[in-house]
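Below: one structure, written as structure tokens.
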Amino acid sequence: MRHREHSIRCFQFISHLQKQTWGIMQRKFSTTASRAATQMTVRDALNSAMDEELARDEKVFLMGEEVALYDGAYKVSRGLHAKYGDKRVIDTPITEMGFAGLAVGAAMAGLKPICEFMTFNFSMQAIDQVINSAAKTFYMSAGTVPVPIVFRGPNGAAAGVAAQHSQCFASWYSHCPGLKVVSPYNSEDCRGLLKSAIRDPNPVVCLENEIMYGSPFEISDEALSPDFLIPIGKSKIEREGKHVTLVSHSRYVGHCLEAANELAGIGIEAEIINLRTLRPMDDAPIIQSVIKTNHLVTVEGGWPQCGIGAEVCARIIESPAFNYLDAPVMRVTGADVPTPYAKTLEDNTFPQVFNIVNTVKQSLKVP
Amino acid sequence: MAAKLGGALRTLRYLTTRPVSCRLIGTSPSVRCVHEDRPQFPGSKSKFTYKLSFLDPDEEAGIPVYRVMNSEGEMTEKSEDPKIDKTTVLKMYRDMTLLNSMDKILYESQRQGRISFYMTNFGEEATHIGSASALHPEDMVFGQYREAGVLMWRGFTLDQFINQCYGNTEDVGKGRQMPVHYGSQDLHFVTISSPLATQMPQASGAAYAFKRAQNGKCVICYFGEGAASEGDAHAAFNFAATLDCPVIFFCRNNGYAISTPTSDQYRGDGIASRGSGYGMLTIRVDGNDVFAVHNVTKEAREICVSHNRPVLIEAMTYRIGHHSTSDDSSMYRKKGEVVKFDTNNPIGRLRSYMVKQGWWNDDQENEWKEESKKMVMESFAKAEKRKKPNPTELFKDVYEEIPPHLQKQMDSLKEHLSKNEDKYPTQNYEACKEYMYQDLSGSMVGVTRSHS
């Protein structure tokens with residue numbers, strides 16, 4: 001008996017230790033106060049956001065491959081079909097161009113579809129519907145045909161799925177007027193941004209990240225409330241600092257936070273801006289930050305040419321912050337290659353914490 | 001005893017429909033297992049066959065073409081006569097011929113450099129009028145680009161058509177789209193989008209929305225036989241069928257996709273032969289017989305709305321004109337072919353019918369020709385003189401609410417124009433109006449922005 005009790009206690013202690021360690025690794029230096037220590041994974045955040053919006057507005061419905069009976073290819077829509085049935089959660093045949101087109105048509109006729117792409121890599125087969133139909137129609141129809149649709153799904157790096165499953169589409173979609181593009185990092189971002197996207201009357205692309213789906217984050221009571229919305233078009237300062245500005249989106253915000261910890265150890269305080277929305281991009285806080293820190297490093301998973309970092313750099317140069325730069329703007333991006341499969345190759349294709357640390361040191365001319 | 005029991009059990013099994021493989025032991029070869037005649041695959045449950053033969057599409061006669069009225073305008077099958085009243089038939093004729101007149105004049109205007117582009121509807125007027133007249137006015141229309149007659153039937157005015165081609169300040173489309181890319185929310189006609197067949201899955205989606213709303217409306221989706229080659233068409237058909245959508249897919253098979261003849265577009269029996277493959281009710285109709293098209297569309301609508309299932313109509317017709325003003329079809333087809341179809345066109349056929357009914361004569365024909373031409377020319381002259389939309393229209397409707405950066409650019413342009421009016425032909429553009437803009441928190445803010 002005592003032995004078993006002891007084993008249970010040991011187990012509890014070990015799992016507590018694991019949680020603590022995990023918590024330390026994942027801790028975000030948020031400027032918002034978290035009142036409760038509730039944990040929520042990114043997957044559950046997306047799931048709860050959709051659940052609440054499906055309950056709130058009967059025009060909202062979810063469609064995509066495997067979303068209903070299978071609970072979602074990545075289980076993001078777990079339980080939704082069981083709760084809402086065939087009319088609200090629909091499994092589609094395998095044709096992205098088909099179901100994206102169908103969703104756009106449904107939106108034109110007054111419904112509010114959430115169109116899930118199993119990954120955004122497959123959205124290329126439907127990209128005409130996303131751009132030529134969803135993004136441009138309100139303009140082309142002189143404001144008479146709105147398309148209140150959300151396209152969502154995992155984007156960018158995954159794990160071991162190589163070139164055709166790992167591309168980042170942040171640049172592709174944020175290039176186009178008529179679309180709004182959000183790229184959430186943690187659970188709070190996912191809840192707030194997806195809910196805002198669903199309620200937005202414009203077409204919105206929500207770029208998630210598959211590797212983040214299982215990651216738990218602390219989430220406040222406020223973020224758990226059913227009307228919690230994060231405005232589209234506003235970034236967030238995740239960490240304040242005075243020596244360098246790091247601008248990032250999605251998964252790499254986490255990498256920046258880790259890099260910031262390391263840099264703090266050598267006396268460099270990094271200010272981290274989580275873009276949250278790529279289009280319309282909230283550049284004002286970045287400009288203010290660079291005026292303060294005089295150094296800018298952007299971090300993204302996508303390829304360097306015509307990337308998000310390039311856009312941030314151009315905007316800074318066109319702004320008053322240009323005169324405050326003490327070093328050229330530097331970009332940390334994915335390597336300019338299709339993603340390879342072998343783990344060692346793949347790991348080195350995407351930004352790692354040491355890349356960010358090294359680039360900051362270069363910017364600050366620290367050895 | 002055990003053997004007898006075993007035998008009895010086996011017999012019992014034969015009598016059930018359980019998918020158990022059975023072996024015939026000690027019975028006559030003429031006895032077959034009842035359950036083995038029916039395949040049990042999830043994908044198909046038809047019959048087994050023991051004869052190896054391929055389905056040969058060339059051996060099939062081809063889906064017949066339904067028609068009601070022959071080339072001379074006589075009702076061949078009295079029971080199929082829709083007996084449409086004189087007023088409606090006259091409206092049908094007038095709309096077809098007015099469209100024809102408008103097409104001729106606007107085509108010429110492009111040739112003269114007055115508008116940038118145009119597409120005519122010559123030869124296909126009956127497909128538009130026949131189908132539009134059988135629908136309810138609130139049924140949603142997704143067109144391709146050669147369905148102006150549908151809009152005309154519903155009441156789109158000559159002014160509205162020509163304003164759109166000129167992109168002037170009265171254009172419902174606010175000068176955003178190239179000519180013939182019409183749209184009308186009031187008339188439930190979705191704005192034309194250039195990429196082919198993208199409207200098809202959208203039509204399925206809209207029909208799905210109507211089904212959910214249980215509003216008794218259907219959707220009609222027009223497309224050409226060439227557009228049917230796009231992947232979107234396959235997806236649209238499949239979705240409409242699997243999701244039970246009340247949509248009519250109306251294919252205008254006019255023989256050509258720009259220069260590509262049907263012999264290069266497909267090998268099968270047109271588009272109609274594909275319908276059954278998707279589980280859709282299908283019919284092929286003489287697209288130049290306005291009454292046949294009317295009958296078929298009316299019946300199709302009934303099926304859609306009562307049973308929530310899609311219907312495929314393939315209307316056989318002929319594109320008498322060029323694909324567009326950017327095309328010269330004499331490069332790829334013989335004049336004789338065009339003349340043949342022009343001589344036996346849908347307008348002439350309807351006129352023959354009307355004359356036989358005593359509803360029309362040569363005098364009325366000449367009178368109407370003059371009048372319709374005059375109507376078109378009047379609208380044309382007015383449209384040409386109208387101003388162009390104010391340049392600030394450039395920035396609006398990108399999003400539901402105007403974003404700050406476009407707002408700034410709009411203000412900056414206004415300021416520039418007001419300071420440099422003498423350097424720009426501002427008299428050709430409509431004066432600025434007040435506009436509303438929505439800030440990021442979502443509230444509507446009425447603003448007359450002054451320059452910073």
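None of these values were measured; they are calculated from a predicted model. In what follows, every chain begins at residue 1, and chains take the letters A, B, ... in the order their sequences are listed.
- The side-chain heavy atoms of B:Leu394 and A:Tyr139, taken from C-beta on, include a pair separated by under 4.5 Å.
- Shown here for B:Ala235 and A:Gly98, the closest heavy-atom pair between the two residues is CB-CA, 3.2 Å.
- The contact between B:Asn238 and chain A is made entirely by side chain atoms (from C-beta outward), counting heavy-atom distances below 4.5 Å.
- When each of B:Gln202, B:Gln199, B:Gln177 is checked for heavy-atom pairs under 4.5 Å with chain A, B:Gln202 comes out on top.
- One finds the CG atom of A:Asp200 at 6.0 Å from the CD atom of B:Glu401 (value rounded to the nearest 0.5 Å).
- Looking at B:Val190, only its side chain comes within 4.5 Å of chain A, counting heavy atoms on both sides.
- Smallest separation of non-hydrogen atoms from B:Glu400 and A:Pro146: OE1-CB, 4.2 Å.
- Residue B:Lys408 qualifies as open at atom NZ: its count of foreign heavy atoms under 6.0 Å is 12 or below.
- Of the atoms belonging to A:Arg199, not a single heavy atom falls under 4.5 Å from chain B.
- The CD1 atom of A:Ile90 lies 3.0 Å from the OH atom of B:Tyr208; values are rounded to the nearest 0.5 Å.
- Within 6.0 Å of OH in A:Tyr70 there are 12 or fewer heavy atoms belonging to other residues, nucleotides or ligands.
- In this structure, NE2 in B:His405 is found 10.0 Å from CG in A:Asp283, a value given to the nearest 0.5 Å.
- Only the side chain of B:Leu243 comes within less than 4.5 Å of a heavy atom in chain A; its backbone stays farther off.
- Aromatic ring pairs are classed by plane angle as parallel below 30°, tilted from 30° to 60° and perpendicular above 60°; the pair A:Phe99 and B:Phe239 is perpendicular.
- Contact of B:Tyr182 with chain A is not made at all, since no heavy-atom distance falls under 4.5 Å.
- Taking a 6.0 Å sphere around CG of B:Leu413, one finds it holds more than 12 heavy atoms contributed by other residues, nucleotides or ligands.
- Looking at every heavy atom in both residues, A:Glu58 comes nearest to B:Arg212 through O-NH2, 2.8 Å.
- Atom NZ of A:Lys59 sits in a sparse spot, with 12 or fewer heavy atoms from other residues, nucleotides or ligands closer than 6.0 Å.
- Between chain B and the options A:Gln129, A:Lys180, A:Met108, the largest number of non-hydrogen pairs under 4.5 Å is found for A:Gln129.
- Both the backbone and the side chain of A:Pro177 come within contact range of chain B, with heavy atoms under 4.5 Å apart.
- Rounded to the nearest 0.5 angstrom, B:Ser194 OG and A:Lys136 NZ are separated by 9.5 Å.
- Under a cut-off of 6.0 angstrom, the local environment of OH in B:Tyr429 is sparse, with at most 12 non-hydrogen atoms contributed by other residues, nucleotides or ligands.
- Atom CD of B:Gln409 has more than 12 heavy atoms from other residues, nucleotides or ligands within 6.0 Å.
- Among all heavy-atom pairs drawn from B:Asp397 and A:Ala142, the shortest one is OD2-C, 3.5 Å.
- Heavy-atom contacts from other residues, nucleotides or ligands closer than 6.0 Å to NE2 of B:His188 number more than 12.
- Listed options B:Ala233, B:Gly231, B:Ser193, B:Gly183 were ranked by heavy-atom pairs under 4.5 angstrom with chain A; first place goes to B:Gly231.
- Looking at A:Leu229, neither its backbone nor its side chain comes within 4.5 Å of chain B, counting heavy atoms on both sides.
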